[in-house]
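Below is one structure, written out as C-alpha cells, with a few remarks after it.
Sequence lines set the chain letters: A, B, ... in the order given, protein chains first and strands last, and positions in each chain run from 1. The structure displayed is predicted, hence computed values, not measured ones.
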Amino acid sequence: MPEGHVIHRLAGQYDVAFAGAVVSVTSPQGRFADSAALLNGRHLVDTDAYGKHLFLNFDDDRAVHVHLGLYGKVTFDRSPAPEPVGLVRMRLEGSGRYADLRGPAACDVMSHEQVAAVVDRLGPDPIRTDADSELAWERLQTSRSSIGSVLMDQRTFAGVGNIYRAEVLFRARVNPHREARAVRRRTFDAMWDDLVTLMRVGVRDGRIDTVLPEHEPEAMGRAPRDDRHGGEVYVYRREGQRCFVCGSKVRLEDMQGRTLYWCPRCQRR
DNA sequence: AGGGCATGGGCAT
DNA sequence: TGCCCCTGCCCTG
C-alpha cells in the first residue's frame with residue numbers, strides 16, 4: 001500500500017530498528033550489490049520521508065533513496081535473518097533486527113545534495129509538519145488540469161496516491177473533473193486539512209480509513225469489509241456498489257492512465 | 001500455465 | 001499520450 005503514509009511509517013520503523021547503529025547492508029538479489037558493499041558496516045544516522053520517497057541517512061554523506069513504486073514492500077523481523085525468500089533487493093541487519101526490501105522502483109545511494117534535488121521537485125507533503133500548503137494552492141492557480149489529476153501530481157501534493165485522491169474528493173463532494181483552478185479557496189483548505197488528518201491517521205494505523213462513524217458498516221447494517229488495501233473507504237475500488245451516503249452506484253473511469261473512483265451523485269458538478 | 005491487474009513514475013514520442 | 005520497469009496475487013483456462 002505505498003502511498004505517503006506507508007513511507008512515513010517505514011521511516012519510523014527503520015529509525016526505531018537501526019538509527020544510531022552500525023548495520024550490515026547486503027543485496028541477496030544482487031541488483032543493489034555494489035552500493036550495499038559501499039555502505040556495509042557503516043553507521044545509519046537517521047531516516048527521513050518526503051512524499052513517497054524514503055531516505056536512510058548513513059554517515060559520510062551517503063543516503064539510500066528508496067521509492068516503492070507500485071509493488072515495493074519492506075518487512076522487519078528479529079535476527080537472526082533467515083535465508084532470503086524471494087527477491088530481496090536490500091537487507092539491513094543490526095541491533096538484533098533485520099529489514100528486507102523487495103520490489104522497489106528505486107533503491108540507490110545519493111549524496112545529501114542529490115537528496116535535496118529530489119525533495120525540491122516535490123510539493124508540500126500533508127504528513128510533514130513543515131509543509132507549506134500555500135505552494136499547493138499556487139500550483140492549482142496555474143494548472144490547466146482537473147482537480148482529480150492535480151491531486152495525484154507529486155509536484156503539487158507529495159505523498160497523495162490513488163486512494164487518498166479518490167477519498168478526499170468524495171469527502172469534499174468535489175467532482176474530479178472540475179478544473180483545478182476553479183476550486184474555491186475554502187474548498188481547497190478543506191481538502192488540504194482533510195489530507196493532513198487522513199494521512200496522519202494512516203501513518204498511525206498503517207491503513208487507510210476514511211469513512212465517518214455515521215456511515216460505518218455497523219451504523220448502516222452492513223458487514224465490515226476486508227479489502228486488499230485494509231481499510232474502510234467510500235469509493236476506492238467500490239465500483240458498481242452503492243454509495244454509503246446516497247445509494248447511487250459508485251463509478252469507475254480512466255483518468256490519464258489511472259483508475260478513478262467517484263460517486264456521480266454526491267460529487268455532481 | 002499464463003494473463004491481467006495494482007496503492008507509481010520516468011522516459012520517449 | 002503511450003511504453004516500460006519494479007513484483008505478487010487473483011482470475012481464467
Exercise. Rounded to whole angstroms, how far apart are OH on Y236(A) and P on dG8(B)?
Worked result: 8 Å

Exercise. Between K52(A) and dG9(B), does any side-chain N or O lie under 4.0 Å from OP1 or OP2?
Worked result: yes

For this session: May I have the distance from R102(A) (atom CZ) to dC9(C) (atom C1'), rounded to whole angstrom?
Result: 15 Å

Exercise. Taking NZ, NE, NH1 and NH2 as the nitrogens, is one of them in R207(A) or E3(A) under 4.0 Å from a carboxylate oxygen of the other?
Worked result: no

For this session: Take atom CG of N162(A) and atom C1' of dC5(B), then tell me their distance rounded to the nearest Å.
Result: 13 Å

Exercise. Distance between the P atoms of dG9(B) and dC9(C), in whole angstroms?
Worked result: 22 Å

For this session: Take the protein atom CG of L68(A) and the nucleotide atom C1' of dG9(B), then report the distance between them rounded to whole Å.
Result: 13 Å

Exercise. For dT7(C), does OP1 or OP2 lie under 4.0 Å from any side-chain N or O of Q29(A)?
Worked result: yes

For this session: To the nearest Å, give me how far apart CE (M255(A)) and P (dG2(C)) are.
Result: 15 Å

Problem set entry | Residues, nucleotides or ligands: over 12 heavy atoms within 6.0 Å of R42(A) CZ | yes

Exercise. Is the cationic atom of R186(A) (NZ for Lys, CZ for Arg) positioned less than 6.0 Å from the six-membered ring centroid of F188(A) and within 45 degrees of its normal?
Worked result: no

Exercise. Who does dC5(B) pair with, Watson-Crick or G-U, both distances under 3.5 Å?
Worked result: dG8(C)

Exercise. Rounding to the closest angstrom, what is the interatomic distance between dG4(B) and dC3(C) at atom P?
Worked result: 14 Å

For this session: Report yes if at least one side-chain N or O of H67(A) is closer than 4.0 Å to OP1 or OP2 of dG9(B); otherwise report no.
Result: yes

For this session: Let me know which of N57(A), T47(A), L39(A) forms a side-chain contact (heavy atoms from CB on, under 4.5 Å) with V64(A).
Result: L39(A)

For this session: Round to a whole Å and report the spacing from CG of L252(A) to P of dC5(B).
Result: 11 Å

Problem set entry | Pairwise P distance for dC6(C) and dA1(B), with rounding to whole Å | 23 Å

Exercise. For dT1(C), which nucleotide in any strand shown is its Watson-Crick or wobble partner with both distances under 3.5 Å?
Worked result: dA12(B)

Exercise. Rounding to a whole Å, what distance do you find between D153(A):CG and dG8(B):C1'?
Worked result: 13 Å

Problem set entry | Touch class at under 4.0 angstrom, heavy-atom based, for R258(A) against every strand present | base

For this session: Answer yes when R128(A) and D48(A) have at least one side-chain N-carboxylate O distance shorter than 4.0 Å, and no when they do not.
Result: yes

Exercise. Base, sugar-phosphate, or nothing: which does R31(A) touch, judged by heavy atoms less than 4.0 Å apart?
Worked result: sugar-phosphate

Problem set entry | Spacing of L198(A) atom CG relative to dT7(B) atom P, expressed in whole Å | 18 Å

Exercise. So does D34(A) have more than 12 non-hydrogen atoms from other groups sitting under 6.0 Å from CG?
Worked result: no

Exercise. Can Y71(A) be said to stack with the base of dC6(C), given centres closer than 5.5 angstrom and planes under 30 degrees apart?
Worked result: no

Exercise. When all nucleic acid strands are considered with a 4.0 Å heavy-atom cut-off, which category describes E167(A): base, sugar-phosphate, or nothing?
Worked result: nothing

Problem set entry | Separation between the P atoms of dG10(B) and dG8(C), rounded to whole Å | 22 Å

For this session: Report yes if a side-chain nitrogen or oxygen of Q154(A) is closer than 4.0 Å to either non-bridging phosphate oxygen (OP1 or OP2) of dG8(B); otherwise report no.
Result: no

Exercise. Considering only the C1' atoms, how many Å lie between dT1(C) and dT7(B), rounded to the nearest integer?
Worked result: 23 Å

For this session: Using a cut-off of strictly less than 4.0 Å, decide whether R89(A) has a side-chain nitrogen or oxygen near OP1 or OP2 of dT7(C).
Result: yes

